[in-house]
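Worksheet: the structure to be examined is printed underneath.
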Amino acid sequence: MAYVELKSVTKKFDSAVTAVDNSSFIINDKEFVVLVGPSGCGKSTTLRMIAGLDTVTEGEIYIDDMLVNDIPPKDRDIAMVFQNYALYPHMTVYQNMAFGLKLRKFTKKEIDARVREAAEILEIENLLDRKPKALSGGQRQRVAVGRAIVRKPKVFLFDEPLSNLDAKLRVQMRTEISKLHQRLETTMIYVTHDQMEAMTMGDRIVIMKDGLVHQIDSPLNLYHTPKNQFVAGFIGSPSMNFITGKLTFENGFVFDEGTFRLEIPIKYRVALQDHLNKKIVLGIRPENINNNMKSSRESHSSLLKFHVDVVELMGNEIFVYLKTKYHLLIARMKPENIPNVGEEIEVMFDLQKLYFFDANIGDILFNRVDWTECN
Ligand code: ATP
């Protein structure tokens, strides 16, 4: 059993930089948790404090009931995989993987058994005699993971381990790390700036910005019920559209963008009533603006006309950029009836899947959790 708990953890590098600001969360035993956020949000610093490579300015970190603030990294029973792999260039793959165990005075026999077991898991048995310079990026990455596996640590920490690999290899390695997690059944904490990696790998995701934790939840809950505009915009690709407008009343609530108006279903009314005649931000995901006119007549959706600014052909789908005087919206559509740039087209907004945010602080006013409560 190995859980990790952060209690009100703050890291200040000097009085000017607060890299991590009062973070509190628990990573459960055997859980795969991803720390994600834009560059500089404090995710690596959080990981480095758990590893013991950075000191904690305020707060407490526990690994399995043990307060580790003052415990040196080597005594925390964790293993870390870095972005740059940090392999010893003069040692073979075998020696690289064996090195940590040798320092810890394991017997030759135990070292050999562990190295060969890890090599088998990672399918690098045929590379054991090679030096790192004779390996591809993906192979080096595996060796770095192997070096962590042989330790049989309580917790694995990964700091952007795939960011030096090309896109295809990254996808392959990400499934391999997920499989490794299932096989080893060990607690894993993984840092990345890539929301796709976070969504596909994490049991839960911690979303950070400017040193603050914005939301901790499962990938699907983050997608469907973001707490604020930052989370809503960070999760999902292409990002959610944010449209600033005014909420007015004419026989019902109407969202007025300035160049188009949208009648808002009555179910949103309770959540939005305090914002009547105020500026408000409407959020809609690109996949909820589309060109399927048949279903628009059958469902709760609203037809609108826009000029096409750009069309990106992805093969299985198209991204259509729609222009208003005030906004550029992205719609993710089926590759049928591909529109021309400059053409005016009719699209539908799925009114079941609207989000509303406070225009000043970005907090969600209505999301799909509210929706089910209202139904
Ligand atoms: P990236 O994805 O770019 O690695 P990150 O989210 O991992 O970013 P951190 O490396 O944790 O971010 O950095 C958080 C903040 O702390 C940044 O503003 C960074 O400049 C600052 N910082 C990190 N290390 C130090 C240091 N040793 N001294 C001073 N400031 C630092």
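Note that ligands are numbered from 1 as they come in the structure, with each ligand's atoms numbered from 1 the same way. Computed from a predicted structure; not experimentally measured.
Residue Ser39 has at least one N or O atom closer than 3.5 Å to an N or O atom of ligand 1. By the 3.5 Å distance cut-off applied to N or O atoms, Gly42 is counted among the residues near ligand 1. In terms of polar-atom proximity, defined here as any N/O pair under 3.5 Å, Val17 makes no such contact with ligand 1.
Here the closest non-hydrogen pair linking His275 and Asp358 is CE1-OD2, 3.6 Å.
Between Phe253 and Tyr268, the distance from one ring center to the other does not fall under 6.0 angstrom. Aromatic ring centroids of Phe306 and Phe260 lie under 6.0 Å apart.
Among protein heavy atoms, the minimum distance from atom 27 (N) of ligand 1 is reached at Phe13 CE2, 3.5 Å. What sits closest to atom 16 (O) of ligand 1 on the protein, heavy atoms only, is Ala19 CB, 3.3 Å. Here the heavy atom of the protein found nearest to atom 4 (O) of ligand 1 is Ser44 OG, 3.8 Å. Scanning the protein for heavy atoms near atom 14 (C) of ligand 1, the closest one is Gly40 O, 3.5 Å.
Remark: among candidates Thr45, Thr46, Asp194, the nearest residue to atom 13 (O) of ligand 1 is Thr45, based on non-hydrogen atoms.
Heavy atoms of Lys43 approach ligand 1 to within less than 4.0 angstrom. Assignment of Cys41 to the shell around ligand 1 is supported, since a heavy atom sits closer than 4.0 Å. Taking 4.0 Å as the cut-off, Gly211 does not count as a neighbour of ligand 1 on heavy-atom distance. Residue Glu160 places a heavy atom less than 4.0 Å from ligand 1.
Only one option out of Leu53, Asn84, Val191 pairs with Asp159 in a side chain to side chain contact (heavy atoms under 4.5 Å, CB included); it is Val191. Only one option out of Asn241, Asn288, Leu329, Leu303 pairs with Phe349 in a side chain to side chain contact (heavy atoms under 4.5 Å, CB included); it is Leu329.
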Evaluation steps, salt bridge (Lys or Arg N to Asp or Glu O under 4.0 Å), between Lys246 and Asp256: CA-CA 5 Å; Lys246 195 173 165 188; Asp256 187 353; over 6 Å; no

Working for side-chain hydrogen bond (donor to acceptor under 3.5 Å, both in side chains), residues Glu160 and His193: CA-CA 8 Å; Glu160 304 238 15; His193 61 273; 2.8 Å; yes

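Heavy atoms from other residues, nucleotides or ligands lying under 6.0 Å from NZ of Lys278 number more than 12. Shown here is Leu103, whose CG atom has more than 12 heavy atoms of other residues, nucleotides or ligands within 6.0 Å.
Residue-ligand proximity, Pro38 to ligand 1, at heavy-atom distances under 4.0 Å covers atoms 6 (O).
Hydrophobic clustering places Ile78 together with Val56 (ILVMFWY residues linked when any side-chain heavy atoms are closer than 4.5 Å, directly or through intermediates).
Under the 4.0 angstrom criterion, atom 1 (P) of ligand 1 counts as having a protein heavy-atom contact. Not a single protein heavy atom sits closer than 4.0 Å to atom 19 (C) of ligand 1.
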